[in-house]
Amino acid sequence: MLALFYIFIAVALGVSFWQITRIMNLREVIATDKDNDTQGKIALGFLVFLYAMMIYCLIAMNVVMLPESASIEGEHDDNLFNITFWLIGIVQFGMQFLIFYFSYKYRGNKDNKALFYADSHKLELLWTSIPAITIVILIGYGLWAWNNVMYVGDDENPIVIEVYSQQFRWDARYAGADNELGLGNVNYIKGINTMGVDMSDPKAQDDKQVTELHLPKGKKVLFKFRSQDVLHSAYMPHFRAQMNCVPGMVTQFAYTPKYTTEEMRQQSEVIEKVKGINKIRQAKGEEPYVFDYLLLCNKICGASHYNMQMKIVVEEEAEYKNWLAEQKTLAEVIK
Ligand SMILES: [Cu+2]
């Protein structure tokens, strides 16, 4: 393999040396009108090719995009994404046209003379202030959306869940009847107390440790993140939520699930995507896939990083309450 690599470098060096000698000889050659005409037409052809690629990617790559946001707060992320996407899309569509069409229109011709044009203050003002205002509006909206998931008002009374990361697994802890998490610290990790909960803390007694996240639809959930070892990143793509899990500190975000897992499975967009995935899986001889919300690790945290995932089930409040009631409290588990 290494030998192949050396051969490749030798060939690449040879080709670049050959190209450099060709460029040096170009000094003797002056482009004719016929050359300019050909290059101009190639530029126009390239414009058509670029547009075709763009349209193809927009249609063909759409299947790998995420479905609609499954959280209320995530709608703002989608808005920001869509506004930015269309703004940049339209501007680049126009710019490509200007660059390549003018390259063609004003291709070299012996009879043409260049126009001397110094500058226009009006134009300068326009193309400086319009992007500046646009960016201020977008960033303002972005900051508002950030605060919206980061800070929870006292009156909102969210469900508090701790998400604990370690190489290479997730654990979760529900705050229990008092909706307050007991203290946690790596020093308390012992035996089945894998999240290092301080069992002398009265608030810890009713906490519930689980390996699957269940969330009620329409209720605000506040996640608190901790990490045992290295940086991990709690990523819940369907809810448009992601936060670093940092050893030695607690990070957080909050969102409100909008659709139950079952409702999400019924969405035509999701059905289409699942169909696409199962086509690939079938070709590989793998079991068919059923849609589920997931918590993934989005930091390359070590060799088995890709194994870090946890199922998230969103259900109606009654079902959620039943499930939570079945889970044992830490006081019952850790004696
Ligand atoms: Cu990780």
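All residue numbers in this chain count up from 1 along the given sequence. Counting starts at 1 for both ligands and their atoms, following the listed order. Just so you know, these numbers use all the heavy atoms, side chains as well, and skip hydrogens, waters and symmetry mates.
- Electrostatic pairing of Asp37 and Lys41 counts as a salt bridge here, judged by a charged N lying under 4.0 Å from a carboxylate O.
- The residues Arg240 and Asp78 are annotated as salt-bridged, a charged nitrogen and a carboxylate oxygen being separated by less than 4.0 angstrom.
- Atom ND1 is the N, O or S atom of His232 at the shortest distance from the Cu ion (ligand 1).
- At least one N/O/S atom of Cys297, whether from backbone or side chain, sits less than 2.8 Å from the Cu ion (ligand 1).
- Taking a cutoff of 4.0 Å between a charged side-chain nitrogen and a carboxylate oxygen, Asp33 and Arg107 do not qualify as a salt bridge.
- To the nearest 10 degrees, the angle centred on the Cu ion (ligand 1) between SD in Met308 and SG in Cys301 reads 100°.
- Distance CZ/Arg226 to CE/Met249: 13.0 Å, rounded to 0.5 Å.
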